[in-house]
Student: 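My questions all concern the structure below.
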4 protein chains.
Amino acid sequence: MNNHSPRKKASRSAKSPGAGKRASAAEPNGSGKRERILDAAVRVFAQEGFYNAKVSQIAHVAGVADGTIYLYFKSKDDLLISLFEDRMERVNDNLRAALAAETSACDRLRRVVRLHLELVESNRPMAEVISVELRQSSKFIREYANPKFAEFLRLIAGAIAEGQEAGELRPDLDPQLLARSLFGALDEIALAWLVKGPKHTNDKMDLSHAAKQLGHLFIDGLKARPKE
Amino acid sequence: MNNHSPRKKASRSAKSPGAGKRASAAEPNGSGKRERILDAAVRVFAQEGFYNAKVSQIAHVAGVADGTIYLYFKSKDDLLISLFEDRMERVNDNLRAALAAETSACDRLRRVVRLHLELVESNRPMAEVISVELRQSSKFIREYANPKFAEFLRLIAGAIAEGQEAGELRPDLDPQLLARSLFGALDEIALAWLVKGPKHTNDKMDLSHAAKQLGHLFIDGLKARPKE
Amino acid sequence: MNNHSPRKKASRSAKSPGAGKRASAAEPNGSGKRERILDAAVRVFAQEGFYNAKVSQIAHVAGVADGTIYLYFKSKDDLLISLFEDRMERVNDNLRAALAAETSACDRLRRVVRLHLELVESNRPMAEVISVELRQSSKFIREYANPKFAEFLRLIAGAIAEGQEAGELRPDLDPQLLARSLFGALDEIALAWLVKGPKHTNDKMDLSHAAKQLGHLFIDGLKARPKE
Amino acid sequence: MNNHSPRKKASRSAKSPGAGKRASAAEPNGSGKRERILDAAVRVFAQEGFYNAKVSQIAHVAGVADGTIYLYFKSKDDLLISLFEDRMERVNDNLRAALAAETSACDRLRRVVRLHLELVESNRPMAEVISVELRQSSKFIREYANPKFAEFLRLIAGAIAEGQEAGELRPDLDPQLLARSLFGALDEIALAWLVKGPKHTNDKMDLSHAAKQLGHLFIDGLKARPKE
DNA sequence: CATGAATGAGCATTCATTCAT
DNA sequence: AATGAATGAATGCTCATTCAT
């Protein structure tokens with residue numbers, strides 16, 4: 001997606017718009033190296049953590065030479081950031097589609113919860129990177145330099161705001177704050193599962209069960225309601 | 001000659017010079033060095049992040065020699081972990097007191113929220129370390145090696161369970177899961193504030209306001225209720 | 001797969017694509033690429049210094065692909081050496097012509113001085129490469145691998161020897177040594193000017209003035225004095 | 001001489017004036033590591049050239065760990081510069097003493113020549129570093145950042161100026177320019193000897209012979225001639 | 001107990017060179 | 001001939017940890 005022309009000081013957010021660069025013939029970039037590197041990076045970052053991950057290991061896993069990574073990314077930092085942007089973009093695309101597929105705000109929230117936990121379950125490495133490393137790098141990356149995460153929150157906040165306008169959700173709570181809280185809760189559950197989920201496949205840590213409970217929690221709250 | 005086994009996670013078991021530390025009151029150290037080191041560590045870890053923090057900087061801030069740190073802590077890792085345990089213990093003590101001071105489950109939950117956000121507001125460095133570094137180091141530290149955090153969650157889950165037994169809270173949600181979700185939400189809000197709060201002192205990021213909203217959210221849920 | 005024997009001084013023997021180069025007039029290359037590369041090399045070497053100059057930058061300045069340089073030169077080292085030989089050949093040609101144009105040994109020496117300093121003034125990059133990089137690479141390049149510089153000295157020494165035989169210059173000094181000394185002095189003056197000349201265009205650093213003074217210095221020391 | 005207190009961001013030209021820093025006891029720096037590193041550096045730089053010299057090799061030759069070098073010098077560059085300053089200081093001290101020991105300007109100049117060539121002969125590595133590397137690094141180091149070399153020239157120029165004032169030397173030549181020329185000639189002769197001297201111990205390259213000839217060359221050019 | 005100079009393994013990054021196209 | 005993406009060896013520098021004093 002990010003269209004790099006190696007050796008040209010790979011600058012993040014390059015994204016040369018005019019596609020097909022040279023005359024017309026082959027695009028030697030073809031082999032999808034950038035993608036292979038990103039895939040390798042998720043795995044290695046997830047397994048080792050950003051700081052303990054070695055660039056050479058990523059290169060090895062990606063099946064390229066160490067130096068090749070620097071044709072596509074400015075630095076190890078840039079690799080992490082590019083990874084976030086790339087993956088979050090996918091997450092956001094999925095989220096948008098999911099939100100559009102539902103009609104009521106409540107359904108949308110339940111969907112968000114389910115979607116996120118399914119993602120975690122189906123793509124552990126990616127989830128670990130997003131949950132752990134994203135936060136680790138937060139202070140200097142997140143909203144500041146990570147518009148994709150901001151967009152993620154905005155999508156959720158938007159769904160909430162719509163629900164409020166439609167009278168479906170109570171209007172006295174700040175959508176931004178709610179979106180954040182929802183994400184925080186989801187992320188924490190995800191992390192717990194990531195940390196000890198795969199080993200103890202007990203009921204309590206079952207993610208789809210957690211999704212249902214979180215849905216209840218956010219939609220209805222904790223308070224016991226005599227009859228509703 | 002130099003007997004290094006570097007880069008290999010030293011296993012925890014600090015051995016403070018003054019032997020049996022926490023237990024009794026005696027701490028025959030040289031004037032509370034351990035405490036000074038911990039205080040320095042919070043500040044430095046908060047400012048630089050664990051991996052970018054230099055042991056020598058911590059020593060400098062603490063006003064001790066580099067080597068002295070290793071008289072109190074086995075390694076940099078151990079320093080971080082000890083820091084968590086030490087600080088979380090205080091947090092848990094506060095939490096216990098706060099919970100005991102309230103009578104209803106709802107009040108307790110609101111109190112938890114308020115307590116946590118007040119902590120964040122009043123002690124930024126400590127909050128940053130807990131929010132950011134705790135997670136960063138999560139995969140290999142948290143539950144596994146951080147009983148104090150587990151206890152934190154247990155305290156909250158306990159309050160919820162009590163509320164459920166008393167019929168005050170709905171009984172169909174897992175207290176553990178709820179405790180986690182609550183902490184996740186709190187932590188996320190805290191992080192957002194830590195990242196950009198101090199500069200933009202706008203209403204929306206006001207933590208006491210956030211505390212109220214979070215209280216509503218968890219107690220009552222999002223769904224609009226015609227009249228209650 | 002990649003057959004590297006890197007970092008090992010490639011032995012000289014460029015093999016320009018158009019085969020037998022210098023000899024005849026024919027140079028069937030694609031539009032004087034070799035020359036363009038050499039021109040780019042002087043500029044880049046002068047600006048960055050040999051070790052800091054990047055082959056890719058030279059290629060860029062020359063308007064050719066990185067790989068193309070290796071069609072004309074065996075290695076970066078070879079490029080530097082070829083550059084010396086090429087430029088020194090011109091210098092020697094000029095020198096020969098200048099010497100032939102004068103009749104007395106004294107005039108010849110003055111001419112040598114003037115010629116060199118004029119060259120420096122009119123072609124800074126080339127002068128920098130000769131002054132700085134030539135010496136830098138001296139130990140393994142100069143006499144040993146740089147017959148063109150040896151020839152340069154020989155031309156001057158020859159003029160001196162002739163003057164001695166003709167009774168115009170005192171015969172007790174070694175022409176080789178004198179030639180070297182003259183070049184050393186010239187080169188040092190040139191370097192001083194190169195380093196801070198262009199900025200401070202004050203009288204003292206004026207090169208034509210320096211030429212006159214150097215003439216006096218060397219001539220009056222060399223000239224045979226019938227009666228003293 | 002340069003009084004470093006390791007780990008404190010070794011800054012060039014530190015030279016803490018108050019000597020004996022800590023209370024009174026031992027100065028653990030004692031082993032003369034800084035000097036050993038400088039000695040190793042001269043040898044290695046001389047043999048390999050600055051750019052080809054490896055810091056680890058210098059450390060090895062000095063008998064210290066790689067990291068130790070960075071306790072005394074900020075970087076490889078700083079090591080080179082410190083080396084110049086340190087060695088040039090000695091050279092200047094010798095020069096001052098030599099100039100003071102002579103009474104006439106002519107004797108002083110002859111002495112300068114002899115002194116320099118003797119230095120070259122007796123301390124090849126140091127001479128190579130000064131002759132070759134000094135120039136190599138010229139553009140950004142020499143007068144600009146190398147006051148010691150400027151001082152060297154000033155000493156010589158001073159001797160010449162004195163001679164001019166005393167009527168011993170012709171007054172129409174710029175002392176600065178002459179000092180430069182003298183150094184240039186000396187340096188060039190030295191370089192020639194360094195490059196092929198040790199192997200071919202023929203008469204022509206004999207440095208003491210060269211010294212005499214250079215003396216004649218410069219003196220007879222400089223000396224004021226009452227009647228000519 | 002304390003010190004801080006010394007250690008040295010470890011790693012991100014560069015860049016000359018190659019070779020498939 | 002020309003290209004330029006890919007290579008991967010090579011190295012300056014950092015910093016947690018130790019240990020002689």
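We name chains A, B, ... by the order of the sequence lines, and we start the count at 1 in each one.
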Student: How many whole angstroms separate atom CD of D/Glu48 from atom C1' of F/dG12?
Tutor: 16 Å
Student: Among residues two or more places apart or on two chains, list those pairs meeting salt bridge (charged side-chain N to carboxylate O under 4.0 Å, His left out) that have a residue in residues 51-69 of chain A.
Tutor: none
Student: Round to the nearest Å and state the distance from D/Tyr51 atom OH to E/dC15 atom C1'.
Tutor: 14 Å
Student: From the set E/dA5, E/dC11, F/dA16, return the single nucleotide nearest to any side-chain atom of B/Asp66.
Tutor: E/dA5
Student: Take A/Ser56 and B/Val64, find for each the nucleotide of DNA chain E with the closest heavy atom, and name the residue whose nucleotide sits nearer the 5' end.
Tutor: B/Val64
Student: When the nearest nucleotide of DNA chain F is assigned to A/Gly63 and to B/Gly67 on a heavy-atom basis, which residue is associated with the more 5' position?
Tutor: A/Gly63
Student: Nearest-Å distance, CD1 (B/Ile58) to P (F/dC15)?
Tutor: 12 Å
Student: How many Å lie between CZ on D/Arg36 and P on E/dA6, as a whole number?
Tutor: 9 Å
Student: Of all residues at least two apart in sequence or in a different chain, which pass the side-chain contact (heavy atoms from CB on, under 4.5 Å) check with C/Val55?
Tutor: C/Ile69, C/Tyr70, C/Lys76
Student: Are side-chain heavy atoms of B/Asn52 and A/Tyr51 found at a separation under 4.5 Å?
Tutor: yes
Student: Go through E/dT7, F/dC13, F/dA2 for me and flag the one nearest to the D/Thr68 side chain.
Tutor: E/dT7
Student: Give a yes/no answer on whether the side chain of A/Tyr72 brings an N or O atom under 4.0 Å of OP1 or OP2 in F/dA5.
Tutor: no
Student: What I'd like to find out is whether the side chain of B/Val129 reaches to under 4.5 Å of the side chain of B/Phe84, using heavy atoms alone.
Tutor: yes
Student: Among E/dC15, F/dA2, E/dT13, which nucleotide sits nearest the side chain of A/Lys76?
Tutor: E/dT13
Student: I want to check something: taking the side chain as every heavy atom from C-beta on, are A/Phe73 and A/Arg34 in contact at a cut-off of under 4.5 Å?
Tutor: yes
Student: A/Leu71 has a side chain; which of F/dG12, E/dC11, F/dA5 sits nearest to it?
Tutor: F/dA5
Student: Nearest to the side chain of A/Lys33 - E/dT7, E/dA12, F/dT7?
Tutor: F/dT7
Student: Rounding to a whole Å, what distance do you find between C/Asp77:CG and E/dC15:C1'?
Tutor: 14 Å
Student: Quick one: salt bridge (charged side-chain N to carboxylate O under 4.0 Å, His left out) pairs with a partner in residues 38-47 of chain B, sequence neighbours left out?
Tutor: B/Asp39-B/Arg87
Student: Any chance you could encode DNA chain E as dot-bracket? Rule is Watson-Crick or G-U wobble with both distances under 3.5 Å; [ ] for pairs crossing earlier ones, | for another strand.
Tutor: .||||||||||||||||||||
Student: Please report, rounded to the nearest Å, how far the C1' atom of E/dT17 is from the CG atom of C/Asp78.
Tutor: 13 Å
Student: Nearest-Å distance, CD (A/Gln57) to P (E/dA12)?
Tutor: 10 Å
Student: Check the distance between E/dC1's P and B/Ile69's CD1 and give it to me in whole angstrom.
Tutor: 16 Å
Student: Mapping C/Tyr70 and A/Val55 onto DNA chain E by nearest heavy atom, which one lands closer to the 5' end?
Tutor: A/Val55
Student: Would you check if D/Asp86 and D/Ser82 make a side-chain contact, meaning some heavy-atom pair closer than 4.5 Å?
Tutor: no
